[in-house]
Every structure is written in C-alpha cells, then in structure tokens.
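The structure under discussion appears below in the form of structure tokens.
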Amino acid sequence: MEQGFRASMGWLHTWAGVVVGAMLFAIFWMGTLAVFDREIDRWMAPMTRIALPDRPRSFDELRATYDTAVALRSPTWTVLQATERQPYIRVAYRDKTGVVNRSFDPATGAVLPEPGTWAGSRFLYPYHYGLHLKIWNIGEWIVGFAGMAMLVLCVSGVVIHRKIFVDFFTLRARQKSQRAVLDLHTVSGVLGLPFNIAITLSGLIIFFAVYFPSGWQAVYPDKQAFNADGGSAYARPKANKPGSLGSLDAMAGEARRLWDGVEPRAILVRHPGDAAGFVTVFQSIEERIVRHAASITFDAATGAVLHRSDALRPVAVAQRFLTGLHRIQFRHWTLRFMYFALGLLGCALIMTGFLFWLEKRRKRHAAEGLHGVRLVHGLVVGATAGIVMATAGFMVINRLLPLGVTLAGYERHELEIWTFHLVWIAAFAHAWMRPRMAWVEQCRAIAALALAAMVLNGLTTGDHPLRSLAHAHLWPVAGVDVALLLLAAAAWAASRWLAASRRRSAAAVAALKEAGSHA
Amino acid sequence: MVKPITQRDSVQLPTTDRKSQWWFIVLRLVVVIGGGYVASSALVAGLARVLPWLGLVRIDGVVLASMLGFVIYLAVLILGFARQRLLRTAVDLLVIAGLGLMLAALTGA
C-alpha cells in the first residue's frame with residue numbers, strides 16, 4: 001500500500017502542480033509584494049511621501065468631509081490617522097458609485113491631490129486574494145481552490161520526499177540541469193514548508209465564512225445575525241430623523257482616558273447625519289499579532305458612551321491570530337523582510353517545480369510528437385517571467401502618465417491596470433510564439449523595465465536613491481528603488497546565463513552533427 | 001524518489017481504453033474535489049451545530065467548525081486521490097456527508 005500511496009501522491013503532486021502552478025505563482029508573487037504594499041503606495045503616489053509628524057491631528061478639523069458624507073447619504077464616514085506605514089490621514093465615505101477616499105497632510109491639514117493610482121494597497125494586495133475578478137467573487141473562489149491545491153501539494157510533496165532532511169542538504173548545482181532544478185525545488189520546498197503551510201492555511205481561514213458558508217448557515221438565520229454575534233460590534237438602526245454630531249476630539253479624548261492613555265487611531269461614524277448616528281473610536285491594530293482593535297462607541301450627538309468592545313472569545317482569538325499572522329499589519333520590520341524573502345522563496349519553489357516537469361518530459365514529448373511541453377513552456381514563461389514583467393510595466397507607466405489623464409473614458413488608475421494586463425497578455429503571446437527565445441527576451445525586458453522604473457522615479461520626482469536614502473521618511477521609496485535595481489540586475493544576469501547556455505547547447509548540437517557527417 | 005511514477009507514466013494503455021481512462025480521471029476529479037467539498041461542508045454544518053451543544057458558545061462553534069473544514073477537506077482530498085477504488089471513495093464521502101447532516105438534524109436549530 002505504501003508504494004501505491006507514494007505513487008498516487010507523486011501523480012497528484014505532478015498534475016496539481018502543473019494545473020494550479022500558474023495561479024499559485026500569481027498569488028505568491030502578488031502576496032509577496034503585498035508585504036510592502038504601503039511602501040509601494042508611496043513610490044507610486046509621490047504626493048504621499050510625507051514625514052510623519054509627532055502628534056496626531058484633530059479629528060474635528062475634518063468636519064467638512066463629514067458634511068459631504070452626510071449630503072451624499074453615505075452609510076459610514078471613516079477617518080484613519082496617519083501611521084508609520086501610511087503617513088497621511090485617510091478619510092473614506094461612499095457615494096453612489098462606491099468608496100471615496102481622500103487624503104490629508106497630517107502636518108498641515110491640506111488636502112492631498114488624487115493619487116490617480118491603486119498602487120500596492122488597492123491593486124497588488126487585493127490581487128493576491130481576488131485576482132481583480134469581482135464578478136460573483138469568482139477571483140476569491142479561484143484563489144481558495146488554488147490555496148487548497150497548495151496544501152495538497154505541500155502534503156504530497158512531503159510524502160514523495162521521505163528523506164526530507166537529507167534532501168535539504170543536497171544541492172547538486174553543478175550536475176546536469178534536471179538534477180539541479182529538482183534539488184532547488186526540494187531545498188526551497190523544505191526550507192519554506194512551515195511558512196508555506198502557515199501562510200496558505202491562514203489565508204484560507206481569513207475567508208472561512210466565504211469558503212465554508214455551511215457553518216454559519218447551519219446556525220444563524222442570515223449573514224447579519226452571524227456578523228452581529230461574531231463582531232461584538234455595537235449597532236442600532238437609523239432613526240430617519242436628522243441629528244447632529246458632537247466634538248469628535250472630545251470623544252477621542254474620553255476614549256484615551258478610558259484606555260489609560262492609549263492613542264485612538266481611527267474613527268467610524270455610522271448613519272452620518274441621522275439622530276441614531278453613533279461614533280466608534282478604535283485603537284491601533286499594529287501593536288499585537290491578534291488582529292483586533294479595542295473600541296468604544298459614543299452617541300454621535302451627546303458623546304455619551306454606548307458600548308465598549310468586549311475581550312475576544314478564545315476561538316475568535318485563534319482565528320484573529322491566524323488572520324493577523326497572515327496580514328502582518330503589526331509593527332515588526334524584521335519579520336516583514338522575512339515574509340518577503342520567504343514569499344520569493346515560494347515563487348522560486350513554484351517555478352522550479354514547473355521547470356522540473358518540463359525538463360523531465362522535453363525529450364520524450366519531442367520524440368513522441370506531443371505538444372504538452374510546448375504548451376506548458378509558454379504557460380510557465382508567461383505565468384512567472386510574464387507577471388514580473390507586467391508588474392515592472394505597471395510601475396513604469398505609473399511614472400509616465402501625468403496626473404488626471406484619461407483615455408477613452410478610462411481614468412489614470414484604470415489605465416495603469418490595463419497596462420499591467422496588456423503586458424501580461426503580451427508576455428503569454430510572446431512565450432508561445434517564440435518559445436526558444438522566450439526566457440532570454442523576457443528576462444531582458446524585465447531588466448530594462450525595472451531599471452527604467454527606477455530611473456523614471458528619480459527623474460519625475462527628484463527622489464533618486466542618493467536623496468531618498470538620506471531622508472528617513474523616504475526610505476520606503478529608496479527600498480522600492482533598490483528592489484527594482486536588484487530585480488534588474490538579477491534579470492540581466494539570468495538572461496546572460498540563459499543565452500550562454502543556449503549557445504553552448506547549440507554548439508554541442510552542431511558539433512554532434514559535424515561528427516555525424518564526417519563519420 | 002519518483003521512480004514508481006515514472007514507471008506508471010510510461011505504461012502505454014491500449015488506444016481503445018484511453019478515452020475511458022480519460023473520462024475516469026475527470027470523474028475522479030469531480031467526485032473527489034466537488035463531492036469532497038460538499039461532504040466537508042455538510043460535516044462543517046453538523047459540527048457547527050454540535051459544538052455549541054457540547055458546551056461551546058454559538059459563535060465559537062461556528063468559527064471552530066469552519067476552520068476545521070479546511071483540514072477536513074484537505075484530508076478528504078489526499079485520501080480521495082490516494083485511493084485506487086473510486087466507488088469506495090464515493091461511499092465514504094456519502095458517509096461523511098450523511099454524518100454531517102445527521103449531526104445537524106439531531107441538534108436541530
């Protein structure tokens with residue numbers, strides 16, 4: 001049975017990997033970038049490159065936007081104070097078309113211009129769990145499926161490598177490429193195994209109510225009842241009579257006093273302008289892993305305390321701990337860099353798995369006239385090099401498009417997203433049309449685009465690395481620039497190595513032919 | 001490491017059997033992935049009702065059952081693909097789904 005079990009796990013690992021690998025690479029790549037989404041935000045939206053002042057700004061100064069929200073009949077009005085990773089005040093409310101985000105300078109209170117980009121936190125980060133496919137939540141379901149497949153791949157991968165700790169110390173880089181690729185796959189798989197399992201399972205668990213709705217449906221009459229029971233959040237219906245809003249700063253001050261000096265980080269007003277409106281003041285979520293912000297709710301008009309959030313229940317603590325672990329919104333720079341590195345290792349794992357599949361079949365498929373290798377080769381190049389190229393293209397176009405530009409009815413942020421998708425589609429087309437040169441040429445394109453993005457940032461904003469490294473509030477910009485430079489260097493080195501090995505194998509084939517014709 | 005698979009891979013099936021083999025793989029995918037999800041969901045529903053009955057607070061039961069759902073589904077997927085006999089897998093899935101529904105019915109809302 002054991003032999004049979006391992007054989008079936010091998011089959012499962014091979015085919016689940018090939019079928020889901022392309023999606024998994026996209027999810028891992030975007031998830032890895034999402035670790036630094038707010039730093040990428042600052043690179044892509046230069047108006048938000050602001051030094052964080054020492055003191056938070058008054059909530060009441062933002063009253064004008066509250067009046068706008070009331071006029072628009074927005075169901076909520078939210079203020080987020082500036083933080084280290086997002087050094088500007090964010091106000092959000094809804095109009096008929098969706099969420100309106102507005103940003104303010106925390107030092108002067110001045111309105112910041114529209115960023116015209118969805119950048120990291122609104123495009124790259126949601127992409128890794130929603131794939132930018134919003135119809136029927138189809139993106140979330142595809143990602144959920146890929147996540148389950150990733151867990152299956154982790155389990156089956158461990159089963160087929162019984163000597164897992166021996167394999168860990170085996171890297172035959174100078175052996176023939178098939179062997180080296182397999183060893184790289186195994187080493188990155190073993191090294192990243194705990195992270196890959198934890199990040200995948202916790203990612204799925206964030207969406208437990210989406211992926212296993214049967215749980216809450218069996219117990220609650222509807223989603224609202226479930227949310228109300230789970231959130232411990234205060235709620236009361238609209239009175240449908242106009243009401244006023246008291247001093248937000250007084251409420252924030254009262255919250256600070258009740259919390260023994262902990263600074264309020266956010267304010268949420270429900271039913272703005274209604275007599276039953278209420279104000280919830282939240283603490284920061286950056287202080288601990290468990291993703292839960294303690295809150296106090298006040299009556300909007302009188303400022304009387306209506307409710308204080310309860311301590312979380314044990315199972316909720318477990319769920320929020322896993323959520324917090326995955327989303328890493330707590331303050332920990334060392335861990336943040338480790339997540340980034342482990343995410344890249346996960347990308348390498350997926351890519352080497354693909355390469356091994358191809359290497360193993362290349363000769364046999366050529367001999368038997370099968371098209372699988374050619375098809376998968378294009379898929380692999382497009383899914384791995386292609387998405388990296390598309391991301392670099394996304395950043396280049398961000399530095400080229402002037403603010404406020406529209407084209408054919410599309411706004412600037414939509415044009416950026418179109419560019420991303422068009423470059424990605426072009427990468428797939430190129431990989432299928434020029435299979436022999438696909439890797440080399442796409443690596444060159446990545447190198448050129450990444451370098452161009454870095455240079456354009458310096459030219460268009462003046463924040464070149466020499467300047468940005470000298471100012472602490474520009475370090476995120478410097479970080480993105482350095483990452484782009486490293487990417488360009490790595491892609492350039494890879495393209496040189498690939499071109500050289502292509503020449504070597506071509507020379508070997510020619511020599512063989514020569515020897516054959518002389519014989 | 002992967003020797004047994006290579007052997008299995010290279011086994012050439014008679015051309016007439018190939019199509020049925022292909023359909024059989026599709027059937028296995030549907031039964032294990034689709035059926036496995038339905039069975040896991042039913043068990044999650046059953047657990048979500050039973051756990052409060054065993055003393056957990058209602059919301060805790062729901063969250064715990066739903067989180068366990070991913071582990072249950074993972075086990076179902078692994079065992080479903082490890083099994084050679086698809087019929088036995090289908091029967092097991094029906095048993096799991098039945099168990100879930102029974103638990104839900106016994107502890108009815």
Side-chain angles (χ1 to χ4, degrees), chain A residues 1 3-16 19 144-145 147-149 151-152 154-156 159-163 167 182 186 200-201 204-205 207-209 211-221 226 228-232 313-316 318-320 322 356 360-361 364, chain B residues 1-10 12 25 28-29 32-33 36-38 40-53 56-84 100-101 103-105 107-109:
Chain A
M1 185 62 211
Q3 194 75 335
F5 180 60
R6 282 187 59 218
S8 56
M9 286 301 104
W11 179 89
L12 186 59
H13 193 83
T14 304
W15 295 104
V19 172
F145 179 76
M148 280 312 301
L151 291 179
V152 165
C154 288
V155 171
S156 56
V159 170
I160 52 183
H161 292 282
R162 273 185 304 192
K163 296 185 295 174
D167 283 345
L182 181 60
T186 312
T200 311
L201 190 60
L204 288 166
I205 282 174
F207 289 102
F208 75 92
Y211 296 141
F212 281 112
S214 62
W216 57 265
Q217 282 166 351
V219 176
Y220 295 97
F226 164 62
D229 206 8
S232 82
R313 307 202 50 78
V315 176
Q319 199 269 341
R320 298 295 185 94
L322 292 169
F356 179 63
K360 212 173 148 216
R361 282 162 186 76
R364 184 161 65 82
Chain B
M1 257 331 92
V2 276
K3 217 171 186 181
I5 311 130
T6 330
Q7 282 165 359
R8 258 178 62 135
D9 239 13
S10 57
Q12 288 295 316
I25 290 177
R28 178 182 288 270
L29 291 175
V32 177
I33 296 174
Y37 175 72
V38 173
S40 310
S41 281
L43 193 56
V44 166
L47 286 175
R49 283 221 179 140
V50 163
L51 289 173
W53 189 71
L56 247 71
V57 175
R58 217 154 58 130
I59 184 74
D60 280 3
V62 169
V63 176
L64 185 58
S66 308
M67 292 201 292
L68 285 175
F70 297 106
V71 181
I72 296 167
Y73 189 29
L74 176 62
V76 165
L77 288 173
I78 293 291
L79 296 176
F81 282 111
R83 270 278 179 66
Q84 298 306 312
L101 293 179
L103 289 176
T107 53

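Atom set for the values below is all heavy atoms of this structure, side chains included, hydrogens, waters and symmetry mates excluded. Quick note on labels: first sequence line is chain A, next is B, and so on, each numbered from 1.
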*Would you mind telling me which of B:Ala48, B:Pro52, B:Ala65, B:Gly61 has the largest number of heavy-atom pairs within less than 4.5 Å of chain A?*
B:Ala48
*Who wins among B:Val44, B:Asp60, B:Leu47 for the most heavy-atom pairs under 4.5 Å with chain A?*
B:Asp60
*Rounded to the nearest 0.5 Å, how far apart are CG of B:Leu79 and CZ of A:Phe5?*
7.0 Å
*From A:Leu12 atom CG to B:Leu77 atom CG, the distance as rounded to the nearest 0.5 Å*: 8.0 Å
Restricting to non-hydrogen atoms, name the atom on [X] and the atom on [Y] that form the minimum distance, rounded to 0.1 Å.
X        : Y       : answer
A:Arg313 : B:Ile59 : CD-CG2, 4.1 Å
A:Ser214 : B:Ala45 : O-CB, 3.7 Å
B:Gln84  : A:Ser8  : NE2-CB, 4.2 Å
A:Ala218 : B:Arg49 : O-NE, 2.6 Å

*With sequence neighbours left out, write down each residue that passes side chain to side chain donor-acceptor pair (under 3.5 Å) with B:Tyr37, or none if nothing qualifies.*
none
*asked:* Counting only heavy atoms from other residues, nucleotides and ligands, does the tally under 6.0 Å from CZ of A:Phe145 exceed 12?
replied: no
*Using a 4.5 Å cut-off on heavy atoms from C-beta on, say whether the side chain of B:Met67 contacts that of A:Leu201.*
no
*asked:* Do A:Trp15 and B:Ile25 have side chains that approach each other closer than 4.5 Å (heavy atoms only, starting at C-beta)?
replied: no
*Heavy-atom distance under 4.5 Å to chain A: side chain of B:Ile33, backbone, both or neither?*
side chain
*Test A:Phe212 against B:Phe70 for ring-ring contact (aromatic ring centres under 6.0 Å, His included), laying out the working first.*
CA-CA 8 Å; A:Phe212 281 112; B:Phe70 297 106; 5.1 Å; yes
_Interface moiety of A:Tyr211 toward chain B, non-hydrogen atoms closer than 4.5 Å_ = both
*Give the intermediate values and the outcome of side-chain contact (heavy atoms from CB on, under 4.5 Å) for residues B:Val62 and A:Tyr220.*
CA-CA 9 Å; B:Val62 169; A:Tyr220 295 97; 3.8 Å; yes
